[in-house]
Amino acid sequence: MIDLRRFSTTDDATAAAAWFIMARLQTKPDLVLGVATGATMVPIYANMVAAHRAGVADFSQLRCFSVDEYVGLPATNPASFRATMGAHFYDPIGIDPAHCFVPDAMAANLVAEAARYDAAITDAGGIDLMMLGIGINGHIGFNEPPADFAGRTCLVELTAETLNANKRQFTDDVVQPTRAITMGVATIMDAREILLVATGAGKRQAIARACAGPVTPTCPASILQTHRRVMAILDEAAASGL
Ligand code: GLP
């Protein structure tokens, strides 16, 4: 069952998510955190950066694994998820780059790279806390519907709906990739704890399906209902369909 926490504003919800993560970090300084990108996550990282600057959070031992990455974008491209993580979180907290893991979306053999990345998560001891956003079609990471609930980290084709939802991340000079490497649903479900965060009315329907609908591959996030330790932090707009 998903432990639902509703907040009246987006600011309150994202601040709560940040403090939830930092509380886990305090208990385990070398926390292995699965990190997501997307507009939802930006204020969460901003809150953690502020805590770092205020000297109330220590990220020096934190290890981060990105949930996904676009194929064909080098880490130096500002539209890549690696660069996004750098800009919003890694650079401001001064984390050791050796603690930041992301699938190599420029690898010659992308299938082998996906398998290597999955094994690297296992080698790190598995993910302690997995941060997740949700797509308007219910995707988690880039696991599009119908999702393979047994799937490990893999190469995926993005749906037209997701490409459209994410096109704002791309400036005119960058061709939007149509493929990505994503942690698989089973990889995500292996995390010891999951924190799902959704804000805004655009996520209302996806959240209602994910948290209160049937568990079905047509809503990939609905599998989270079967995880033993999962919390959803929502603002009122995202929670309004529940
Ligand atoms: C993207 C990412 C997800 C993210 C989701 C929501 O496509 N692959 O990891 O959680 O879509 O993004 P946003 O927060 O911008 O709505």
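Atoms within each ligand, like the ligands themselves, are counted from 1 in listed order. If you're wondering where the values come from, they're calculated on a predicted model, not measured in any experiment.
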Practice item. Determine whether the side chain, the backbone, both or neither of Arg168 has a heavy atom under 4.0 Å from any heavy atom of ligand 1. Key: side chain
Review point. With distance as the sole criterion, is a donor-acceptor pair present between the side chains of Gln176 and Asn166 under 3.5 Å?
Key: no
**Study point:** Side-chain touch Phe101/Ile121, heavy atoms, less than 4.5 angstrom
**Key:** no
Study note, to complete from the structure: Closest heavy-atom approach to atom 3 (C) of ligand 1 among Ala39, Gly141, Gly200 is made by Gly141
Point to revise | Proximal atoms of ligand 1 relative to Gly38 (non-hydrogen, under 4.0 Å) | key: 12 (O), 13 (P), 14 (O), 15 (O)
Check your understanding: In terms of side-chain heavy atoms, does Thr153 have a donor or acceptor partner in Asp118 at a distance below 3.5 Å?
Key -> yes
Exercise for review: Would you mind telling me if ligand 1 is within reach of the side chain of Ile134, the backbone, both or neither, using heavy atoms under 4.0 Å?
Suggested key: backbone
Study note, to complete from the structure: heavy-atom search around atom 16 (O) of ligand 1 in the protein gives Lys203 NZ, 2.6 Å
**Study point:** Contact atoms of ligand 1, heavy-atom distance to Asn166 under 4.0 Å
**Key:** 1 (C), 7 (O)
Revision key, fill the gap. Counting from 1 in the order shown, the ligand 1 atoms closer than 4.0 Å to a non-hydrogen atom of Gly133 are 10 (O)
Point to revise | Check: Cys100 and Met85 side chains under 4.5 Å, non-hydrogen atoms | key: no
**Study point:** atom 14 (O) of ligand 1: nearest protein contact (heavy atom, Å)
**Key:** Thr40 OG1, 2.5 Å
Point to revise | Thr159-Glu144 side chain donor-acceptor pair, cut-off 3.5 Å | key: yes
Practice item. Run the ring-centre check on Phe170 versus Tyr70 and record whether the distance is less than 6.0 Å. Key: yes
Practice item. Check each heavy atom of Thr37 against ligand 1 and say whether those closer than 4.0 Å belong to the side chain, the backbone, both or neither. Key: backbone
Practice item. Just jot down the ligand 1 atoms closer than 4.0 angstrom to any heavy atom of Phe142, in number order. Key: 7 (O), 8 (N)
**Study point:** Mode of Asp68 contact toward ligand 1 - side chain, backbone, both, neither (heavy atoms, under 4.0 Å)
**Key:** side chain
Exercise for review: Consider only side-chain N and O atoms of Thr9 and Asp12, and report whether a donor and an acceptor are under 3.5 Å apart.
Suggested key: yes
Check your understanding: Taking the side chain as C-beta and beyond, is there a heavy-atom pair between Val35 and Val67 under 4.5 Å?
Key -> no
Practice item. For ligand 1, note which part of His139 has a heavy atom under 4.0 Å away: side chain, backbone, both or neither. Key: side chain
